[in-house]
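Take a look at the structure set out below.
A note on names: the letters A, B, ... follow the listed sequences, proteins ahead of strands, and every chain is numbered from 1.
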Amino acid sequence: MRNKRVVFLLALPLPDRSIMTLLDHLNPPQKLAAEHRDGPLLILAGAGSGKTRVITYRIAKLIMDYGVYPEQILALTFTNKAAGEMRERVDAILSENGRETDAAGVTIATFHSFCARLLRRNAELLGLTPSFTIYDSDDQLKLIKAVMEQVGMPKDNGEAKRLRGAIGQFKNQGWTPALAHENAFNSYDEEDATFYEAYQKALVQANCADFGDLILGVITIFRTHPRIADSYSRHWRYQMVDEFQDTNPAQYALLKFLTRTHDNLCVVGDDDQAIYRWRGATVANIMGFEEDFPDAKIIKLEQNYRSTEVILKAANDVIQHNPTRRDKTLWTAREGGDLVTCFTARDDREEASYVARQIHDLTRLGADWGDFAVFYRTNAQSRQIEEQLQNGGVPYQVIGGMSFYERSEIKDILGYLKVALNPDNPVDFLRIINTPSRGIGKVSLGKLERVAEIRGVGTFYRALRYAAGMLEAGALGDTPIVPEPFGPDDEEALEALQKLGGRSKKGMIDACEVVVALRDQIGADAADGNSLSQVANFLVERIHYMDYLDRDDPERAEDRRNNVVELLHALEEFEEDFDPDQLLNEDLPGQGEDDEAPDFDGESEPTVVSQILRAFLERSALVHATDGMEEGRTTTLMTVHGAKGLEFDTVFLVGMEDELFPSLRDMSDIEELHEERRLAYVAITRARHKLYITNAQSRRIYGQIRQTEPSRFLRDIDPERIEIDPKSTSQSIEYGHRASAPNRRRVRDRGYDEFQQASDANYFGDGVDQDLWEFDQSPPMIKGEVGRAVQQTLDAAPPEGDFDPSFSQLSPWEDDLSADWQQESDFAASGPSATDPEGLTGKTVSHSRFGIGKITGVSGDGPKAVLTINFPGHGARTIIRKFVKILG
DNA sequence: TAAACCAGAATTTTT
DNA sequence: TTCTGGTTTA
């Protein structure tokens with residue numbers, strides 16, 4: 001994958017001795033950038049020009065040749081994926097050069113996780129405790145609704161979402177409520193700012209921070225305590241930022257603070273890949289970098305090592321329609337290449353079928369499933385593709401979409417743990433108080449809320465303790481509850497809560513007991529024999545959560561229970577890997593170094609269990625469970641946004657239709673169109689050897705069938721670089737592009753009907769036991785070696801235009817696949833045992849967390865079979881079959 | 001209070 | 001079409 005730079009060895013002068021073998025792998029501008037030592041540096045790195053490579057080599061260079069301590073280096077990214085990859089590569093480079101211990105010292109993090117750490121260190125300065133909860137946008141919306149109600153606004157879901165957006169933008173700008181007021185243009189802005197103020201107050205009172213607060217909180221601290229900023233700035237003497245074009249003003253302000261004692265800021269970016277304007281990112285940061293850092297050195301990386309000439313030119317065709325770009329011309333040494341294949345389907349289902357079919361055929365010819373990726377504009381499009389891939393027996397992984405941590409069962413369990421750690425958190429409190437149902441309905445909640453408003457009570461949790469009669473000081477320094485009734489109304493509210501009926505009273509006592517018990521257990525130290533996974537297991541038992549799932553939705557109970565089990569595993573795993581030493585010598589400065597930095601002696605020293613829990617919750621808030629993408633063995637499905645920074649041999653870009661891609665919800669916003677175009681550019685430049693672009697003439701949206709037009713971006717590509725698949729419904733890119741005739745009839749090309757028949761018969765689904773084709777059970781036929789270039793297989797493919805006759809027959813695939821499956825079964829049948837009816841023992845599997853392992857034991861069968869798997873590096877694990885991919 | 005039912009939104013993209 | 005949240009009913 002990264003072994004094709006050898007060419008340059010000969011062309012380069014001899015570099016420094018110590019790191020010679022490394023920098024030799026870089027081309028001249030790359031080398032120049034990696035050698036850069038002090039002062040600001042802007043690296044304009046085109047797609048596929050090796051920017052991560054440059055950053056990682058520069059880190060190595062700093063450490064090895066310039067004598068910089070690893071601890072002095074900070075590298076910030078936007079995604080966990082990028083951070084992980086960078087960490088890995090720095091690790092590899094340093095290890096290769098006998099400096100394996102150094103990599104751990106380098107701070108490589110996402111903006112958000114980095115700021116979360118800083119914020120925990122200095123939480124008191126913002127009125128938070130180090131145990132503050134991080135709210136995701138769901139939680140955020142709930143709190144906004146609560147605040148809306150509180151300030152007497154009418155219930156309005158749309159308005160709540162608008163406010164969430166407005167607050168998000170304030171925070172992206174780096175504006176506190178006060179600044180939002182100052183910057184208000186009109187009375188609407190003013191109102192939003194006022195609401196923002198109320199919301200922010202509620203957040204702090206709840207001891208919570210939302211995503212935007214992580215960044216804004218840190219810069220607020222830096223603004224008010226410049227000496228803290230100084231101390232951090234001095235600590236991280238060399239800083240690097242990846243994907244700089246996606247920074248928003250708040251992040252930029254953060255960087256300014258962090259570099260205030262020096263200007264060793266190295267940023268890498270590509271304005272053509274700026275795709276997060278909607279999240280407040282400003283290209284101005286990259287376009288005007290020299291203005292802020294007049295001494296900035298600028299280095300352009302223009303050689304693309306990834307794609308063929310055809311693909312690169314197609315990408316350039318598209319992006320050149322954007323004005324105001326930084327001057328940059330990408331070129332590649334890989335001349336020629338396969339044409340871009342376009343396919344127009346009649347509908348979205350046929351489009352998905354086509355993709356599945358192509359992948360299937362190419363893998364039969366020796367390509368690996370892992371060579372392929374399917375990109376779509378919106379997550380909703382993944383369903384059709386998934387269905388067809390399943391039918392075709394193509395194993396796949398979906399990146400993004402509904403994350404593990406967004407599932408209600410996961411949120412419930414984590415909700416309890418979050419409340420245990422921070423009982424002031426009202427969103428999770430309300431989530432768990434009656435889940436599973438305890439007879440605490442709207443009325444009881446109202447009474448509880450009323451009491452919570454009384455001075456001396458303050459929060460739901462404390463009101464609950466009052467109601468449950470658990471008034472004494474409890475775990476973790478809970479203060480005794482002494483309500484200070486402020487008049488007859490308050491007295492009444494207290495009385496009402498006291499006099500609650502039997503059922504809700506009982507429910508409240510129960511809920512209270514659970515939370516208090518959790519808090520006690522978290523408060524107890526690991527030394528007392530307590531562990532986080534024990535606490536979690538206790539919780540699931542104590543609230544009979546599994547039974548609740550069965551009752552709640554018997555249909556999905558099975559899945560959801562497994563998810564809970566998986567969560568418990570994850571907790572256990574996390575706990576095992578957790579290094580308590582890490583807590584002692586964190587590489588963060590702050591305390592002690594600067595007298596303005598607070599010591600957070602707090603009320604009670606956090607216990608190990610609570611620290612682990614805190615760390616786990618932080619990770620679950622900041623890391624998508626799907627982040628751990630596996631390389632190599634399965635086809636990858638993701639949105640175009642998710643694809644940034646990645647590359648694949650063969651890319652299918654689906655749904656290239658106007659109004660879908662470009663999305664254009666607001667036709668008047670020309671900037672939005674430009675951003676969509678950059679998005680298309682990003683998508684195209686992910687492909688190494690082969691690009692397919694597909695569209696559908698009609699598509700179901702919200703269950704309604706809509707006619708579509710081909711994407712304008714598709715028409716931007718020079719037809720010279722395109723071949724239209726003979727099976728395509730239309731042999732022209734512009735199949736019906738006539739603004740004057742919106743209801744035109746479309747001419748169907750010959751060949752279409754055959755294709756359609758097959759498609760209508762669901763040509764690899766009907767008549768086959770669907771279960772057989774479920775992802776996990778798909779026949780494990782790994783054909784080529786991982787990473788084998790698809791190019792070869794394409795060369796070997798049957799001549800185009802020769803429409804595969806079997807295609808129109810009823811079930812060519814079933815036959816093919818059944819044969820394979822049969823073969824596999826025969827193989828398996830050679831060694832089944834009583835406990836392992838399917839002969840799984842000995843097979844290789846892959847797991848999202850533990851990686852590749854071998855099955856050593858099996859009990860039960862079907863997707864629910866319990867497997868014992870040995871993962872090198874993790875030891876033996878017990879995992880439900882559903883959660884692993886069986887590779888063969 | 002809980003279950004069952006119905007109406008309306010949702011689909012741009014993510015930490 | 002699917003999900004969510006709100007309302008009605010037992």
Side-chain angles (χ1 to χ4, degrees), chain A residues 76-83 109-116 134-138 140-142 145 155-158 160-161 165 168 171-172 209-216 243 246-248 250-251 274-281 348 375-384 399-403 405-406 408 434-445 500-504 506-507 551-553 556 618-624 626-627 638-644 655 659-666 672 675-676 678-680 682-683 699-706:
Chain A
L76 293 176
T77 67
F78 280 88
T79 66
N80 296 294
K81 216 186 306 169
T110 65
F111 271 98
H112 289 269
S113 64
F114 173 74
C115 285
I134 297 175
Y135 272 181
D136 65 19
S137 53
D138 249 25
Q140 218 186 334
L141 193 66
K142 284 181 179 156
K145 285 176 178 168
K155 264 208 173 108
D156 182 341
N157 198 275
K161 286 190 172 170
K171 292 184 175 177
N172 287 336
D210 60 26
F211 284 139
D213 279 338
L214 298 179
I215 315 284
L216 178 60
E243 306 283 12
D246 287 332
T247 46
N248 62 33
Q251 286 154 341
I275 55 174
Y276 286 105
R277 198 181 69 102
W278 54 275
R279 249 171 74 183
D348 45 345
F375 301 154
Y376 33 78
R377 180 63 237 273
T378 68
N379 275 312
Q381 289 168 260
S382 75
R383 249 194 56 217
Q384 285 281 355
I399 307 297
M402 175 75 135
S403 127
Y405 291 104
E406 282 165 3
S408 64
N434 202 33
T435 310
S437 48
R438 299 191 170 88
I440 304 172
K442 217 161 74 179
V443 179
S444 315
L445 268 180
L500 265 179
R503 194 146 59 128
S504 17
K506 244 179 99 188
R551 260 180 291 129
D552 185 57
D553 184 353
R556 290 190 301 148
E618 181 157 313
R619 199 196 58 162
S620 69
L622 262 26
V623 177
H624 254 233
T626 42
D627 262 351
M638 61 172 107
T639 63
V640 180
H641 281 87
K644 193 176 69 166
E659 291 180 11
L660 179 62
F661 196 176
S663 154
L664 285 202
R665 47 165 37 183
D666 179 6
E672 208 159 288
E675 177 139 320
E676 294 286 319
R678 291 191 291 266
L679 204 48
V682 167
R699 181 176 297 277
R700 264 194 136 80
I701 294 174
Y702 312 146
Q704 274 186 333
I705 294 174
R706 291 241 300 259

Check the phosphate of [N] against [X], side-chain N and O only, distance under 4.0 Å to OP1 or OP2. Yes or no?
X      : N      : value
A/S444 : B/dT1  : yes
A/N80  : B/dT15 : no
A/R700 : C/dT1  : yes
A/N434 : B/dA2  : yes
A/T639 : B/dT14 : yes

Hey, does A/F111 reach any base, or is it just sugar-phosphate, or nothing, if we go heavy atoms under 4.0 Å?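 Result for A/F111 = nothing.
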With a non-hydrogen cut-off below 4.0 angstrom, is A/F661 in contact with a base, only sugar-phosphate, or nothing? nothing
Separation of [N] [atom2] from [X] [atom1] (nearest whole Å):
X      : N      : atom1 : atom2 : value
A/Y135 : B/dT15 : OH    : C1'   : 18 Å
A/K171 : B/dT14 : NZ    : C1'   : 16 Å
A/N172 : B/dT14 : CG    : P     : 15 Å
A/F211 : B/dT14 : CZ    : C1'   : 8 Å
A/L660 : B/dT13 : CG    : P     : 11 Å

For A/W278 and B/dT13, say yes or no: do the ring centres fall under 5.5 Å of each other while the ring planes differ by less than 30°?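 Ring-base stacking flag set for A/W278 and B/dT13.
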With sequence neighbours excluded, residues passing ring pair (Phe, Tyr, Trp, His ring centres under 6.0 Å) with A/F211: none
Nearest-nucleotide pick for [X], side chain only, options being [options]:
X      : options                : value
A/N379 : B/dA10, B/dT14, B/dT1  : B/dT14
A/I701 : B/dT11, B/dT14, B/dT15 : B/dT11
A/T79  : B/dT15, B/dT13, B/dT11 : B/dT15
A/H641 : B/dT1, B/dT14, B/dA10  : B/dT14

Does A/R279 reach the side chain of A/N248, with side-chain heavy atoms less than 4.5 Å apart?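 SC-SC contact between A/R279 and A/N248 ruled out.
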Do A/F111 and A/T247 come within less than 4.5 Å of each other through their side chains, counting heavy atoms only? yes
Side chain to side chain donor-acceptor pair (under 3.5 Å) with [X]: which residues, sequence neighbours excluded?
X      : answer
A/R699 : A/E351, A/E657
A/S620 : none
A/D246 : A/K644
A/Q381 : A/T378

Could one point to a donor on the side chain of A/R377 or the base of B/dT13 with an acceptor on the other under 3.5 Å away? yes
For DNA chain B, whose closest nucleotide is more 5', that of A/K161 or that of A/G212?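 Nearer the 5' end of the strand: A/K161.
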Here's a test of your reading of the structure: between A/S437 and A/G642, which maps to the more 5' nucleotide of DNA chain B?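 Residue closer to the 5' terminus by nearest nucleotide: A/S437.
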Review item, nucleotides 2-10 of chain C N/O atoms under 3.5 Å of protein N/O:
none

